[in-house]
**Student:** 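Just dropping this structure here.
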Amino acid sequence: MATTRTASTHWEGSLFEGSGQVSLESSGIGTYDVNWPSRAESSNGKTSPEELIAAAHSSCYSMALSNGLAQAGTPATTLDTTANVTFVPGTGITEIALSVVGDVPGISAEDFQAAAEEAKTNCPVSQALKAVPISLEARLG
């Protein structure tokens, strides 16, 4: 069965002077302020589309890697994943860098790297973002 998740944004004003609020509708966990300076300069306590993409990618990737490791008979104890999404004003998103540190008993570094690469390629968010180069750093902790 398919699921649909929803977020919405209310924006007022122009791109550079305006501001908005993005609401995570499906979960109802919050509404967050967004504006251009927080996207293109310092976050100043506000979120951005890139931060939301980073959240989606790091969580999806962790789920995909966890599943792959378990299916291979080497379930992870923990996975700590960071996604850094680079935004260049006037150009757009230019890179996503994933970094994962795993505690995976009984796995070699080579097998962990292979599982990490497979998860990078196959997680649904990676699939959705194929137009953007996605780099990966994977290491055991």
**Student:** If two hydrophobic side chains count as joined below 4.5 Å and joins carry through other members, does Ile93 share a cluster with Leu136?
**Tutor:**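 Linked within one cluster.
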**Student:** Has the side chain of Thr82 got a donor or acceptor atom that lies under 3.5 Å from a matching backbone atom of Ser99?
**Tutor:** no
**Student:** Of all heavy-atom pairs between Thr94 and Thr91, which one has the smallest distance, and what is that distance?
**Tutor:**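 Closest pair (atom of Thr94, atom of Thr91, distance): CG2-CG2, 3.7 Å.
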**Student:** Quick check: closest heavy atoms across Asn35 and Trp11, and the distance to 0.1 Å?
**Tutor:**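 Heavy-atom minimum between the residues: CA-CH2, 3.8 Å.
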**Student:** Testing the basics here: between Glu25 and Ser8, what is the closest heavy-atom pair and its distance to 0.1 Å?
**Tutor:** OE2-OG, 2.5 Å
**Student:** Counting only N and O atoms by type, is there a donor-acceptor contact under 3.5 Å from the side chain of Ser126 to the main-chain atoms of Asn122?
**Tutor:**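 Not a single qualifying donor-acceptor pair exists.
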**Student:** For the atom pair OH (Tyr32) and CD (Gln21), what is the distance rounded to the nearest 0.5 Å?
**Tutor:** 13.0 Å
**Student:** What's the spacing between Ser66 OG and Leu79 CG if we round to 0.5 Å?
**Tutor:**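 Between atom OG of Ser66 and atom CG of Leu79 there are 6.0 Å.
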**Student:** Is it true that a side-chain atom of Ser59 and a backbone atom of Ala56 form a donor plus acceptor pair closer than 3.5 Å?
**Tutor:**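 Present.
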**Student:** If hydrophobic clusters are built from ILVMFWY residues whose side chains come within less than 4.5 Å, do Val101 and Met63 share one?
**Tutor:**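 Different clusters.
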**Student:** Using the rule given for side-chain contact (heavy atoms from CB on, under 4.5 Å), can you reason through Thr74 versus Phe112, listing the C-alpha separation, both sets of side-chain angles and the distance that settles it, and then say yes or no?
**Tutor:** CA-CA 9 Å; Thr74 53; Phe112 181 72; over 6 Å; no
**Student:** Apply the side-chain contact (heavy atoms from CB on, under 4.5 Å) test between Trp36 and each candidate in Ser19, Ser14, Pro89; give the one that qualifies.
**Tutor:**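 Among the candidates, only Pro89 passes.
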**Student:** Could you see if Val34 belongs to whatever hydrophobic cluster contains Phe87? Use Ile, Leu, Val, Met, Phe, Trp, Tyr and a side-chain cutoff under 4.5 Å.
**Tutor:** no
**Student:** Look up atom OG in Ser135 and atom CD1 in Ile96, then write down how far apart they are to the nearest 0.5 Å.
**Tutor:** 9.0 Å
**Student:** Of the non-hydrogen atoms in Ala76 and Val104, which two are nearest, and what is the gap between them?
**Tutor:**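 Closest approach of Ala76 to Val104, heavy atoms only: CB-CG2, 3.9 Å.
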**Student:** Taking all atoms of both residues into account, what is the closest heavy-atom pair of Val100 and Ala116, and its distance?
**Tutor:** CG1-CB, 4.5 Å
**Student:** May I ask you to test the Pro105-Asp103 pair for a side-chain heavy-atom distance under 4.5 Å?
**Tutor:**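 Pro105 reaches Asp103 side chain to side chain.
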**Student:** Apply salt bridge (charged side-chain N to carboxylate O under 4.0 Å, His left out) to Glu137 and list each qualifying residue two or more places apart in sequence or on a separate chain.
**Tutor:**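 Glu137 satisfies salt bridge (charged side-chain N to carboxylate O under 4.0 Å, His left out) with Arg139 once adjacent residues are dropped.
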**Student:** Hey, is the main chain of Ser43 close enough, under 3.5 Å, to the side chain of Ser38 for a donor-acceptor pair?
**Tutor:**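 Yes, Ser38 side chain to Ser43 backbone: donor-acceptor pair under 3.5 Å.
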**Student:** CG/Asp33 to CG/Asn44 distance, rounded to the nearest 0.5 angstrom?
**Tutor:** 11.5 Å
**Student:** Check whether any side-chain N or O of Glu95 sits under 3.5 Å from a backbone N or O of Val85 as a donor-acceptor pair, and report yes or no.
**Tutor:**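 A pair under 3.5 Å: no.
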**Student:** With a 6.0 Å cut-off (strictly less than), is the heavy-atom count around CD of Glu118, excluding the residue itself, greater than 12?
**Tutor:**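 Result for CD/Glu118: open.
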**Student:** What distance separates Ser23 OG from Ile29 CD1, expressed to the nearest 0.5 Å?
**Tutor:**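 If I round to the nearest 0.5 Å, the distance is 11.0 Å.
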**Student:** Working to the nearest 0.5 angstrom, can you tell me the gap between Ile134 CD1 and His57 NE2?
**Tutor:**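 It is 4.5 Å, given to the nearest 0.5 Å.
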**Student:** When clusters are formed by joining ILVMFWY residues with side-chain heavy atoms under 4.5 Å apart, either directly or through shared neighbours, do Val88 and Ile53 land in the same one?
**Tutor:** no
**Student:** Are Tyr61 and Leu52 in one and the same hydrophobic cluster, where Ile, Leu, Val, Met, Phe, Trp and Tyr link if side-chain heavy atoms are under 4.5 Å apart?
**Tutor:**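 No, Tyr61 and Leu52 fall in different hydrophobic clusters.
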**Student:** Closest approach of Glu51 and Lys46, non-hydrogen atoms and distance?
**Tutor:** OE1-O, 4.2 Å
**Student:** Judged by atom type as modelled, is there a donor-acceptor pair below 3.5 Å linking the side chain of Ser62 to the main-chain atoms of Ser58?
**Tutor:** yes
**Student:** Please identify each residue that fulfils salt bridge (charged side-chain N to carboxylate O under 4.0 Å, His left out) with Glu117, with sequence neighbours left out.
**Tutor:** Lys120
